[in-house]
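Read through the structure below, which is laid out as structure tokens, and then see the notes.
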Amino acid sequence: MLRLGLCCLFNQAPIRFRSATAKFVRPLDRPAQLVKLSELCLDNTRSLVAAVEEVYRLGFGSFRVSSPFLPLYTHPEVGYHLEELPDAREIKATLRSVKALKEKHQLRFSFHPDQFTLLSSPRPEVTAASLKELDYQVMLAELIDADVINIHGGGVYGDKQSALSRLVKEISALPEPIRSRLTLENDDRSYTVEDLLPVCEQLDIPLVYDVHHHRCNPDELTVAAATDACLRSWRRLGREPYFHISSPKHGWNGKPGPHADFIDIADFPAEWHGLDATIDVEAKAKELALLKLKKELSLPPWPGDEAAAKRGCATSTPKDAG
DNA sequence: GCATGTCAAGTTGTG
DNA sequence: CACAACTTGACATGC
């Protein structure tokens, strides 16, 4: 059965994630920095508990955790490690309770590092910063048992094949806890499903298929063919397939634009009905958009019981295979 | 209080 | 050549 995924934030539900700017934190002395950051992190872990409960209560099956969940964690000047925070124990304990909640309700968690995280750049400092960001996100992914860390192909730098070979080289060298969670997603400018499929096959990692990006940045594949390719890439690993959907705010008349508040049901691919798959809904109205889509698709609430568990598709990462 | 400008980071395409 | 857009606004400041 289809599992709808909420991305990072809520519209109506009073659940907010806090942040801080480096500009604010920088002038503080180190202990004061850590006190401030610890407070934000602890608040955010408690908000995550509330978020996960709300996701399940609303009948959804998946949640994407935002990249700045631990604010400024990888910042070059004011960055920190969990162990340095005064509330480290409580933060970790709360994250363990998130994992327990996930297991109880058979939910799925994912991460989507933002556009600064890319493994195709010719600039070593860009790659180094990206690896640091992946280290951070996999630490969180392990604590809450998220099985997906999804990134884009990155830039082209005037030579797509060279960029792709750098991408392959970097992914091949990733530590197994990252590699086993890493996925590639087609984007709206540079890398299509056709571009990424050979890379995914070579590296044996799955493809996240974003149908909106595919429509903005098409290749030779139909939606049906791209859907099939995505399904195969997950099923060969025994894992539940992953899609993204969104609707354009200003219609399809031209370039990719901002996301609309809701999903136009006409944009929902016919090929996706009835699949056992996760669909992240990227829409400004957040949970309201998921509720509307869920109704229009006549989806029942995510069951989250043992019957669901028996469907048999992995949404947690198995022990890293050496 | 509330409005508004600002915030770590990369890359591409538009105006 | 500056700037918006990208998966996502919240914070800090000034009126």
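Chain identifiers are assigned alphabetically (A, B, ...) following the order of the sequence lines, protein sequences preceding nucleic acid strands; residue numbering begins at 1 within each chain. Reckoned from all heavy atoms, side chains included, excluding hydrogens, waters and symmetry mates.
Closest to the side chain of A:H112, from the set B:dA8, C:dG9, C:dT7, is C:dT7. Distance from the side chain of A:T74 is smallest to B:dA9 among C:dT7, B:dT11, B:dA9. In this structure, the nucleotide among B:dA8, C:dT7, B:dG10 sitting nearest to the side chain of A:C8 is C:dT7. The listed nucleotides are B:dT12, B:dA9, B:dT11; the one nearest the side chain of A:E133 is B:dA9. Side-chain proximity of A:L72 to the nucleotides C:dA12, B:dA8, B:dT12 is greatest for B:dA8. Counting only heavy atoms from C-beta on, A:R189 has its side chain closest to B:dT12 among B:dC7, B:dT11, B:dT12. Minimum atom distance to the side chain of A:R16 is reached by C:dA10, of the listed C:dA10, C:dA12, B:dT12. Side-chain proximity of A:H75 to the nucleotides B:dA8, C:dA5, C:dC11 is greatest for B:dA8. The side chain of A:K284 lies closest to C:dG9, out of B:dG10, C:dC6, C:dG9. Residue A:K286 has its side chain nearest to C:dT8 when only B:dG13, C:dC11, C:dT8 are considered.
Separating the P atom of C:dA10 from that of B:dT11 is a span of 28 Å, rounded to the nearest Å. The same atom, C1', is picked in B:dT4 and in C:dC6; the two are 23 Å apart, to the nearest Å. The separation of C:dC3 from B:dT6, taken at their P atoms, amounts to 11 Å, rounded to a whole angstrom. Distance check on atom P: B:dC7 versus C:dA4 gives 13 Å, rounded to whole Å. The separation of C:dG9 from C:dA5, taken at their C1' atoms, amounts to 15 Å, rounded to a whole angstrom. Separation of the P atoms belonging to C:dT7 and B:dG13 is 15 Å when rounded to the nearest angstrom.
A straight line from CG of A:D188 to P of B:dT11 spans 16 Å, rounded to a whole angstrom. For the pair A:F69 CZ and C:dG9 P, the interatomic distance rounds to 17 Å; values are reported in whole Å. C:dC6 atom P lies 18 Å from atom CG of A:L118, rounded to whole Å. Rounded to whole Å, atom P of B:dG10 lies 15 Å from atom CZ of A:R166. When rounded to the nearest whole Å, the span between CG of A:D43 and C1' of C:dC11 equals 14 Å. Residue A:D114 contributes atom CG, which lies 14 Å from atom P of C:dG9 at whole-angstrom precision. The nearest whole Å value for the distance from the CG atom in A:L119 to the C1' atom in B:dT11 is 14 Å. In this structure, the CG atom of A:N44 is 13 Å from the C1' atom of C:dC11, given to the nearest Å.
At B:dT11, one or more side-chain N or O atoms of A:R123 fall inside 4.0 Å of OP1 or OP2 (strictly under the cut-off). Distances shown here put a side-chain N or O of A:S121 below 4.0 Å from the OP1 or OP2 atom of B:dT11.
The base-pairing partner of B:dA8, taking Watson-Crick or G-U wobble contacts with both distances under 3.5 Å, does not exist among the strands shown. Base pairing of C:dT8 is not made with any nucleotide, judged by Watson-Crick or G-U wobble geometry with both donor-acceptor distances under 3.5 Å.
Residues A:L143 and A:L82 are in side-chain contact: their nearest non-hydrogen atoms beyond the backbone lie under 4.5 Å apart.
Within 4.0 Å of A:P76, counting heavy atoms only, lies at least one base atom of the nucleic acid. Using a 4.0 Å heavy-atom distance criterion, A:Q115 is classed as a base contact. Using a 4.0 Å heavy-atom cutoff across all strands shown, A:T21 reaches sugar-phosphate atoms only and no base atom. Among the heavy atoms of the strands lying under 4.0 Å from A:V156 are primed sugar atoms or P, OP1, OP2 only; no base atom is included. A:A22 comes within 4.0 angstrom of the backbone, heavy atoms only, and of no base.
Side-chain contact annotation: A:N44 with A:S47, donor-acceptor N/O pair under 3.5 Å absent. Residues A:H112 and A:E185 have side chains that bring a donor and an acceptor to within less than 3.5 angstrom of each other. Counting only N and O atoms by type, the side chains of A:R166 and A:S120 include no donor and acceptor under 3.5 Å apart.
Taking the nucleotide of DNA chain C with the nearest heavy atom to each of A:H152 and A:I15, the more 5' of the two is matched to A:H152. If A:K36 and A:H213 are placed on DNA chain C by their nearest nucleotide, the residue sitting closer to the 5' end is A:H213.
No more than 12 heavy atoms of other residues, nucleotides or ligands sit less than 6.0 Å from atom CD of A:E220.
No cation-pi contact links A:R3 to A:W234, judged by a cut-off of 6.0 Å to the six-membered ring centre and 45° from its axis. Judged by the 6.0 Å and 45° rule, A:K160 forms a cation-pi pair with A:Y191.
With respect to A:R30 and A:E84, a salt bridge is recorded, a charged nitrogen being found less than 4.0 Å from a carboxylate O.
Applying the 5.5 angstrom centroid cut-off and the 30 degree plane-angle cut-off, the aromatic ring of A:F116 is stacked upon the base of B:dA9.
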